[in-house]
Amino acid sequence: MSTGNLRQVAVLGATGSIGTSALDVIARHPARLRASVLAAGRNVGALVELCRRHRPRHAVIADASAFTALRDGLHAAGLDTQPHAGGDALEALVAGDACDTVVAAIVGAAGLSSTLAAARAGKRLLLANKESLVLAGELLMAAAREGGATIVPIDSEHNAIFQCLPAAQAQAAGGMAAPAHRGLARITLTASGGPFRGRRRAELADVTPEQAIAHPKWSMGPKISVDSATLMNKGLEVIEAHHLFGLERGRIGVLVHPQSLVHSLVEFVDGSTLAQLGLPDMRTALAVGFGWPERLASGVGGLDLLAEGGRLEFEAPDLEAFPCLRLAFEALAAGGTVPAMLNAANEVVVSAFLQRRIGFLAIPDLLEATLSALTAAPADSLAVLQEADARARRHAEQLVARAVQSTSRSAGAPG
Ligand code: NAD
Ligand code: MG
């Protein structure tokens, strides 16, 4: 329910990197923005602390066994925030009148059902959870159209394209079926290249999770940081752009840009290219999402190109050292359930890498093995996609277990 100009915002993934940035922007605009629902995965202590600071009407913890801890924590803090637990409670709050705006910043496919609920209920949807688009892009975009939702992409590249592409804004304004891309030639997503840019494949064998999540330009959660190091993040973003902007693969390019100041480019048929530039800080994209079509202060300073080194460099991505980007291009070309399977298997192998069960190079190897072992199907329904997701997770888990066994065998072998 919106009260005049005041947006009631549900922040899903409130304790994460994007959630923290969203709450920072919200707190700067008490007359315009209010955090009315805060949701997190497991960390009750961090969620209660956020409730103390932002005084939402509702707090939701995904882990149902944590309900009592949440209720007692809110009570002990003297807050009248209502406690909730589990996915159904979250979907009901997102769809109901507790909020008119939803920041979808849960990590992974776990964010799909709440993102879908926001789209169906016609909310303003600040969409950071790219995995939901990779898993079920057609269904999610259709739900947003039918529900009359306004999607503002929060991924910095897609937010940049949204700002540069009139058709994307017209779609957001009017719920147009598919943007009429008259005059558009192509879009180019920029990529920082991650912490291992410039290395060859052989030089990646021994990299550690700590090195992989030490991103040179962005401070992000662990999963997306590893995805940035493998370039899978850019691959997921290509698929994300395909769904968000209704563009075929041939019109979506990728360019490595180590300074991370140009957030993406849009080229038109007359030879014009528009780009959005800014410091690498997600609060800019979030402020666009909250304020659009107006502009809101985000706490991010203006860009001083001289202070930033006076140099903007670009290079082609190295698909040999970073095959995950190729796998994503192939998944988009294959279509059907293949992107969903790639995304699911990626969540499994990235988590295994973060737990030091497998090495960095096993990430693309196990993904490729998973995809070649499973048969694809048309992405007819949510049930089909969720089944494909589950199948890919099971298969990838088995491959991880086998890889762990064979490493421990060879480590224990004499000689
Ligand atoms: P993060 O790991 O920092 O935070 C994830 C949040 O999701 C946490 O609040 C966690 O409690 C919550 N969560 C996890 N599992 C959950 C579940 N099952 N149910 C409910 N909540 C759950 O991740 P992040 O970096 O903030 O990324 C969030 C999303 O935004 C990802 O999809 C990522 O790809 C996307 N994104 C992030 C950035 C960035 O700069 N961090 C940029 C672009 C896109
Ligand atoms: Mg991005």
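Each ligand, and each atom within it, is numbered from 1 in the order the structure gives.
- Polar contact check, Trp218 against ligand 1: no nitrogen or oxygen pair lies under 3.5 Å apart.
- At least one N or O atom of Glu131 sits closer than 3.5 Å to an N or O atom of ligand 1.
- Considering backbone and side-chain N/O atoms, Ala62 never comes within less than 3.5 Å of an N/O atom of ligand 1.
- Looking at atom 14 (C) of ligand 1, its nearest protein heavy atom turns out to be Val107 CG1, 3.9 Å.
- The angle subtended at the Mg ion (ligand 2) by OD1 of Asp155 and OE1 of Glu157 is 100°, given to the nearest 10°.
- Which parts of ligand 1 touch Ala128 is read off a 4.0 Å heavy-atom cut-off, strictly below it: atoms 30 (O), 32 (O), 35 (C), 36 (N), 44 (C).
- The aromatic rings of Phe353 and Phe360 sit perpendicular, their planes meeting at an angle over 60°, well past the 30° parallel limit.
- One option in Lys130, Lys223, Glu157 has a heavy atom closer to atom 34 (O) of ligand 1 than any other, and that option is Lys130.
- Set against the non-hydrogen atoms of Ala14, the atoms of ligand 1 under 4.0 Å away are 9 (O).
- Taking CZ of Arg55 as the reference point, atom OG1 of Thr81 lies at 7.5 Å (rounded to 0.5 Å).
- Side-chain polar atoms of Gln163 and Trp292 form no donor-acceptor pair below 3.5 angstrom.
- For Gly19, the closest heavy-atom approach to ligand 1 does not fall below 4.0 Å.
- The protein non-hydrogen atom at the shortest distance from atom 16 (C) of ligand 1 is Ile106 CG2, 3.7 Å.
- The closest approach between any non-hydrogen atom of Asn43 and ligand 1 is not below 4.0 Å.
- Residue contact check: Thr15 has heavy atoms under 4.0 Å from atoms 8 (C), 9 (O), 10 (C), 11 (O) of ligand 1.
- For the atom pair Leu127 CG and Leu133 CG, the distance stands at 5.0 Å (nearest 0.5 Å).
- Between Phe162 and Phe245, the gap from one ring centroid to the other reaches at least 6.0 Å.
- Among protein heavy atoms, atom 26 (O) of ligand 1 sits closest to Ile18 N, 2.9 Å.
- Between Asp155 and ligand 1, no pair of N/O atoms sits closer than 3.5 Å.
- Residue Gly13 has at least one N or O atom closer than 3.5 Å to an N or O atom of ligand 1.
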Counting only pairs under 3.5 Å, give me each side-chain donor-acceptor contact of residues 134-142, with atom names and distances, residues two or more places apart or in other chains.
none

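- Per-residue contacts place Gly221 under 4.0 angstrom from the following atoms of ligand 1 (heavy atoms of the residue considered): 1 (P), 2 (O), 3 (O), 23 (O), 25 (O).
- When only modelled atom types and interatomic distance are considered, Ser21 and Asp24 share no side-chain donor-acceptor pair under 3.5 Å.
- Counting the atoms of ligand 1 from 1 in the order shown, those under 4.0 Å from a heavy atom of Asn129 are 32 (O).
- Side-chain contact check for Arg7 and Thr101: at least one donor-acceptor pair (N or O, by modelled atom type) lies under 3.5 Å.
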